[in-house]
K.L.:
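The structure is given below, and queries will be raised subsequently.
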Amino acid sequence: MKAADGPATPLSMKPVARAFFARQVVEVARDLLGCLLVHETADGRTAGMIVEAEAYASDDPASHAYRGRTERNAPMFEDPGFAYVYFTYGMHYCLNAVTDRPGHASAVLIRAVQPLEGIELMRARRGAVKDRDLARGPGRLTQAFGIAGEQNRSDLTMLPLMICPGERLPLRAVLATPRIGLGSLQDGRTWRFVIAESPWVSGARATKDSRRS
DNA sequence: CAGAAGATCATCT
DNA sequence: GATGATCTTCTGT
């Protein structure tokens, strides 16, 4: 007999309202912590709780949208609540949630989730790694969720994200990376990384050069 | 058209 | 901590 893979209690599948994404990018990034990322493919459904994210405002020099619209970053200029998926380093896909208003070109990179459902499927996709490493990191996450590989990238890019409310996670840190680029913020401070208090985050970044908020 | 860099990861020392 | 893998996208000529 096959062991069921999901959690004992079914996940709430009611997605957040579109208005959730139509706000300043760092606020969205912060509020995404604790939310559930759900993705379904022919192989099954995977879900996890977002524990680490990264905000990219349009005036951040490190943002793909910093130098204006291109073919690749076009989804960033479109409607909030959709995905912007891009391919990088010749082998990795990264998943973003488009935020703010159309034309503002900001997005949140989803950097790590705590696996909750479809864990066997994630293991199959990721190979022999510790469960802690199944979806810790933007490239690993897309691989575990089946967003990488043979998936049609352009289709994926225009799909609505399935983000559902989860639990409230305490904030561990908000990190700035001023030498790479500036997150644009209301009070002039520079933010970008948004990290929850959770064992599923990437430890090195979570402790280095952090500013509490 | 060529060249460089890249929102990364696995592996090595 | 350093390095190689691997290829798309963007920029400049």
Side-chain angles (χ1 to χ4, degrees), chain A residues 21 24-26 28-30 32-33 37 48 50-78 80 82-100 104-113 115 122-158 161 173-185 190-196 200-210:
Chain A
F21 299 97
Q24 204 276 340
V25 62
V26 178
V28 177
R30 187 183 54 217
L32 276 173
L33 299 185
L37 172 67
I50 299 171
V51 296
E52 189 173 311
E54 190 171 358
Y56 283 91
S58 59
D59 61 346
D60 183 338
S63 169
H64 289 167
Y66 183 64
R67 289 168 194 273
R69 182 176 181 133
T70 65
E71 187 176 358
R72 175 174 69 160
N73 67 21
M76 294 182 74
F77 290 79
E78 306 287 335
F82 284 74
Y84 164 47
V85 179
Y86 67 89
F87 181 71
T88 191
Y89 289 106
M91 56 187 82
H92 299 299
Y93 293 85
C94 293
L95 171 68
N96 294 254
V98 176
T99 67
D100 214 303
H104 285 237
S106 53
V108 177
L109 172 67
I110 301 178
R111 295 195 58 91
V113 308
M122 295 188 196
R123 292 189 184 118
R125 286 168 171 161
R126 289 277 297 130
V129 301
K130 294 172 294 187
D131 280 2
R132 184 172 138 77
D133 291 334
L134 282 176
R136 192 187 57 169
R140 295 162 169 172
L141 182 156
T142 53
Q143 193 182 354
F145 276 70
I147 293 170
E150 318 81 30
Q151 293 270 347
N152 183 321
R153 214 158 69 246
S154 54
D155 279 356
L156 249 180
T157 289
M158 292 315 291
L161 276 173
V174 180
L175 308 189
T177 54
R179 308 212 38 193
I180 301 173
L182 307 180
S184 73
L185 268 299
T190 59
W191 300 5
R192 188 191 285 157
F193 289 90
V194 181
I195 300 169
W200 297 89
V201 303
S202 58
R205 275 210 170 108
T207 54
K208 180 181 151 197
D209 188 35
S210 67

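Proteins get letters first, then strands, A, B, ... in listed order; numbering begins at 1 in each. If you're wondering where the values come from, they're calculated on a predicted model, not measured in any experiment. Values below: all heavy atoms of this structure, side chains included; hydrogens, waters and symmetry mates excluded.
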K.L.:
Between the side-chain atoms of Y86(A) and the base atoms of dA7(B), is any donor-acceptor pair under 3.5 Å?
P.N.:
yes

K.L.:
Provide a list of protein-nucleic acid N or O atom pairs under 3.5 angstrom, restricted to nucleotides 9-13 of chain B.
P.N.:
residue: dC9(B); atom: OP1; partner: G137(A); partner atom: O; Å: 3.4
residue: dC9(B); atom: OP1; partner: P138(A); partner atom: N; Å: 3.2
residue: dC9(B); atom: OP1; partner: G139(A); partner atom: N; Å: 2.7
residue: dC9(B); atom: OP1; partner: R140(A); partner atom: N; Å: 3.1
residue: dC9(B); atom: O4'; partner: H92(A); partner atom: NE2; Å: 3.0
residue: dA10(B); atom: OP1; partner: R126(A); partner atom: NH1; Å: 3.0
residue: dA10(B); atom: OP1; partner: R126(A); partner atom: NH2; Å: 3.0
residue: dA10(B); atom: OP2; partner: R140(A); partner atom: NE; Å: 2.7
residue: dA10(B); atom: OP2; partner: R140(A); partner atom: NH2; Å: 2.6

K.L.:
Just by distance, do the side chain of R126(A) and the backbone of D133(A) share a donor-acceptor pair under 3.5 Å?
P.N.:
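Looks like yes, one N/O pair under 3.5 Å.
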
K.L.:
Examine distances only and state if a side-chain atom of T99(A) and a backbone atom of V28(A) form a donor-acceptor pair shorter than 3.5 Å.
P.N.:
no

K.L.:
Any idea how Y86(A) and H64(A) line up, ring-wise: parallel (<30°), tilted (30 to 60°), or perpendicular (>60°)?
P.N.:
perpendicular

K.L.:
What heavy-atom pair brings R69(A) and A74(A) nearest, and what distance separates the two atoms?
P.N.:
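Result for this residue pair: NH2-CB, 3.9 Å.
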
K.L.:
What's the OH-C1' distance between Y66(A) and dA7(B), to the nearest Å?
P.N.:
16 Å

K.L.:
Can you name the side-chain contact (heavy atoms from CB on, under 4.5 Å) partners of P138(A), sequence neighbours left out?
P.N.:
C94(A), L109(A), R111(A)

K.L.:
Starting at the 5' end of DNA chain B, write a dot or bracket for each base, bracketing those in Watson-Crick or G-U wobble pairs whose two distances are under 3.5 Å and using | for partners on another strand.
P.N.:
||||||.|||||.

K.L.:
Starting at CD of E52(A) and ending at C1' of dT8(B), how long is that distance when rounded to a whole Å?
P.N.:
13 Å

K.L.:
Quickly work out the M76(A) CE to dT9(C) P distance and round it to whole Å.
P.N.:
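So the two atoms are 15 Å apart, to the nearest Å.
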
K.L.:
With sequence neighbours excluded, tell me which residues meet side-chain contact (heavy atoms from CB on, under 4.5 Å) with A112(A).
P.N.:
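Result, side-chain contact (heavy atoms from CB on, under 4.5 Å) vs A112(A): V51(A), E52(A), R136(A).
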
K.L.:
Verify, without hydrogens or angle tests, whether R125(A) (side chain) and A144(A) (backbone) share a donor-acceptor contact under 3.5 angstrom.
P.N.:
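Side chain of R125(A) to backbone of A144(A), a donor-acceptor pair under 3.5 Å: yes, one is there.
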
K.L.:
So, do V113(A) and F145(A) sit near enough that their side-chain heavy atoms are less than 4.5 Å apart?
P.N.:
yes

K.L.:
Determine the interatomic distance between P on dT6(C) and the same-named atom on dA2(B); round to the nearest Å.
P.N.:
22 Å

K.L.:
Establish, with yes or no, whether the OP1 or OP2 oxygen of dT9(C) is under 4.0 angstrom from a side-chain nitrogen or oxygen of H64(A).
P.N.:
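No, H64(A) has no side-chain N/O under 4.0 Å of OP1/OP2 on dT9(C).
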
K.L.:
Measure the distance from OH on Y93(A) to C1' on dT6(C) and round it to the nearest whole Å.
P.N.:
12 Å

K.L.:
Who pairs with V98(A) by side-chain contact (heavy atoms from CB on, under 4.5 Å), at least two apart in sequence or on another chain?
P.N.:
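V98(A) satisfies side-chain contact (heavy atoms from CB on, under 4.5 Å) with Y84(A) once adjacent residues are dropped.
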
K.L.:
Over how many whole Å does the gap from D60(A) atom CG to dG6(B) atom P extend?
P.N.:
13 Å

K.L.:
Under a 3.5 Å distance rule, please check whether N73(A) uses its side chain to pair with a backbone N or O of G68(A) as donor and acceptor.
P.N.:
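Yes; judged by distance alone, with no hydrogens or angles, the pair exists.
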
K.L.:
Sort me out a list of protein N/O and nucleotides 10-13 of chain C N/O pairs below 3.5 Å, or just none if empty.
P.N.:
residue: dC10(C); atom: OP1; partner: T70(A); partner atom: OG1; Å: 2.2

K.L.:
Is the OH atom of Y66(A) crowded by more than 12 outside heavy atoms at less than 6.0 Å?
P.N.:
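Incorrect, the count does not exceed 12.
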
